[in-house]
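In what follows, a structure is listed as structure tokens, so that the remarks can point back to it.
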Amino acid sequence: MEIVKVGIYHDDSLFAKALAVGLARESRSIQFVLMDNMDTTEALDMILSSREDVRPNVVQLVKSQQQKQVEAAPYRLYQYEESRALIDDLLFIYFKMTDRVLEYRGTCQCRLITFASDAGGSGTTLTCISTAKMLNSIYGSRLLYLNLCPIDDSKKYFVTGDKIGLLKLLYYLDTGRDFPLESFITREDELDYISTNIVNACFNDIKPALMTRLVKKVDELGKYDYFFLDIGSCLSRENKRVLENSDLVVFVHRWQNGEPAVYYQHISQEIKKKAGGAKSLFIRNFAGDDWHQENCEEIWISEDREAVRLDEDGQRLRINLARNYGIEIAAIAKKIVEEL
């Protein structure tokens with residue numbers, strides 16, 4: 001996918017920031033960068049500026065609708081126009097400048113990320129939820145979590161919600177009926193999640209078409225930066241299709257798995273094959289004190305028995321990201337932001 005990089009310079013820096021946020025929500029094809037001055041050496045495809053400029057890639061932001069000019073240079077845009085209309089005008093001006101049509105990629109920044117492993121007990125759910133919390137803490141990202149394992153052990157980390165069950169959600173998706181997705185989502189400070197039972201009897205009912213519709217529904221909400229799917233080591237036919245449609249697959253491998261090694265290697269190869277063209281991130285989890293980084297393309301997480309503790313009421317597990325464990329999880333969060 002082609003990404004156009006657009007700089008924004010405005011005499012009113014607060015307006016520039018608000019404009020960048022509003023426009024970024026409307027297109028996944030354009031990356032907006034705030035500029036401190038017009039003399040930047042950064043490579044930009046276009047610049048939106050409140051000042052006139054003779055450079056051919058500069059589009060002036062004007063305060064009057066009558067000054068707007070998109071048919072020929074010098075290009076000028078009415079800065080107070082609705083964000084969607086501004087994006088359309090930008091795409092048209094980009095075509096006039098380059099003779100290239102930029103594909104419109106929708107109105108949401110949501111990315112589908114799947115966490116998978118080659119064996120139970122690899123810490124996939126802990127890594128997934130920890131990464132979600134860290135993305136929220138460092139980058140302010142909003143995340144939606146769904147566990148697609150037959151046993152949903154994420155319940156250990158969440159307060160039991162009273163939302164409508166997953167089975168009814170699947171029914172609505174299957175029949176094509178309109179429904180408020182929010183009624184199936186439990187909201188928390190750091191991430192939201194779709195409720196399932198501890199024994200997730202519905203996980204085999206999530207057919208590929210239903211998952212496609214669910215992802216589209218999440219996209220349409222416009223509230224989430226990432227949709228995290230936790231499939232653990234459950235490589236059902238449906239979950240394999242989830243891997244194929246992911247923007248990024250995070251593969252969690254236990255640092256020292258027992259025998260037979262050939263079995264784990266086979267599952268690893270199957271995950272990589274099904275991920276296809278999706279980007280991949282490899283994690284080695286629960287590394288001992290004597291581990292050393294063997295591959296710069298992998299992220300290693302040390303074993304930390306103090307990273308998870310029961311809360312004071314003994315109702316759920318609390319994840320402590322203030323320790324060294326949090327530093328290593330932060331490396332995963334940083335990699336996700338860089339990749340996507």
Side-chain angles (χ1 to χ4, degrees), residues 28 105-117 120 124-125 128-129 131-132 136 141-250 270-271 274-276 278 315-316:
R28 294 169 58 180
R105 300 292 297 182
T107 60
C108 183
Q109 298 292 326
C110 190
R111 302 291 192 271
L112 180 63
I113 301 181
T114 301
F115 283 71
S117 66
T124 311
T125 297
C128 182
I129 294 174
T131 303
N136 175 261
S141 305
R142 290 303 304 170
L143 299 103
L144 181 64
Y145 171 88
L146 174 61
N147 190 296
L148 295 182
C149 301
I151 302 297
D152 182 0
D153 61 353
S154 70
K155 296 298 183 187
K156 298 182 295 187
Y157 304 97
F158 298 134
V159 173
T160 303
D162 56 355
K163 295 293 181 179
I164 306 170
L166 182 60
L167 187 60
K168 183 168 282 190
L169 171 58
L170 297 179
Y171 166 75
Y172 283 132
L173 291 169
D174 192 32
T175 58
R177 292 176 56 183
D178 191 25
F179 65 94
L181 182 58
E182 292 94 333
S183 62
F184 296 90
I185 296 175
T186 301
R187 299 185 63 83
E188 291 205 350
D189 291 337
E190 297 171 299
L191 77 157
D192 302 341
Y193 59 93
I194 297 176
S195 298
T196 70
N197 294 321
I198 294 176
V199 178
N200 187 2
C202 306
F203 84 100
N204 267 333
D205 296 320
I206 304 183
K207 307 303 180 188
L210 299 186
M211 179 53 65
T212 300
R213 291 171 197 166
L214 176 57
V215 172
K216 186 171 184 252
K217 273 287 194 183
V218 173
D219 237 22
E220 289 171 352
L221 283 178
K223 295 181 178 179
Y224 298 104
D225 300 294
Y226 303 102
F227 186 12
F228 274 21
L229 297 180
D230 178 0
I231 68 172
S233 59
C234 181
L235 292 181
S236 64
R237 180 176 60 183
E238 290 73 21
N239 282 351
K240 288 179 181 178
R241 291 294 297 273
V242 165
L243 289 169
E244 294 173 358
N245 295 316
S246 300
D247 292 297
L248 175 70
V249 175
V250 181
E270 187 71 11
I271 292 174
K274 287 299 178 182
Q315 298 297 313
R316 62 171 171 167

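This structure is a prediction, so every number in the text was calculated from the model and none was measured.
- Between L181 and L221 there is a side-chain heavy-atom pair separated by less than 4.5 Å.
- Under the rule for a ring-ring contact (aromatic ring centres under 6.0 Å, His included), the partners of F179 that lie at least two apart in sequence or sit in another chain are Y172, F184.
- The CG atom of D230 sits 4.5 Å away from the SG atom of C149 when rounded to the nearest 0.5 Å.
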### Residue pair L148, M211: steps toward the side chain to side chain contact (heavy atoms under 4.5 Å, CB included) verdict
CA-CA 11 Å; L148 295 182; M211 179 53 65; 3.8 Å; yes
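- For the residue pair F115 and C128, the shortest heavy atom distance occurs at CD1-SG, 3.5 Å.
- Not counting sequence neighbours, Y157 has no partner by the ring-ring contact (aromatic ring centres under 6.0 Å, His included) test.
- What you find for S183 and P180 is that their closest heavy atoms are OG-O, 2.7 Å.
- Here OG of S141 is found 11.0 Å from CZ of R111. Values are rounded to the nearest 0.5 Å.
- From S246, atom OG reaches atom CG of L229 across 6.5 Å, with rounding to the nearest 0.5 Å.
- Every residue two or more places apart in sequence or in another chain was checked for a salt bridge (charged side-chain N to carboxylate O under 4.0 Å, His left out) with R213, and none qualifies.
- For the residue pair S117 and S233, no side-chain donor N or O sits within less than 3.5 Å of a side-chain acceptor on the partner.
- For D178, the salt bridge (charged side-chain N to carboxylate O under 4.0 Å, His left out) partners are K217, not counting sequence neighbours.
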### Task
Evaluate the criterion side chain to side chain contact (heavy atoms under 4.5 Å, CB included) for residue pair T114 and V250; output intermediate values, then yes/no.
CA-CA 6 Å; T114 301; V250 181; over 6 Å; no
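- Tested against F227, the residues D247, D219, V215 include a single side chain to side chain contact (heavy atoms under 4.5 Å, CB included) partner, V215.
- The shortest non-hydrogen separation linking A116 to T124 is N-CG2, 4.0 Å.
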### Task
Test side chain to side chain contact (heavy atoms under 4.5 Å, CB included) on T131 and F228 and set out the steps.
CA-CA 10 Å; T131 303; F228 274 21; 4.2 Å; yes
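- In terms of the side chain to side chain contact (heavy atoms under 4.5 Å, CB included) criterion, residue partners of S154 (sequence neighbours excluded) are, by chain and number, T125, I129, Y145, N147, D152, F158.
- Rounding to the nearest 0.5 angstrom, the gap separating the CG atom in L214 from the CG atom in L146 is 6.5 Å.
- Side-chain contact between R316 and K155: absent, with no pair of heavy atoms (C-beta onward) separated by less than 4.5 Å.
- A search for side chain to side chain contact (heavy atoms under 4.5 Å, CB included) contacts involving D192 returns R142, L144, I185, R187, Y224, not counting sequence neighbours.
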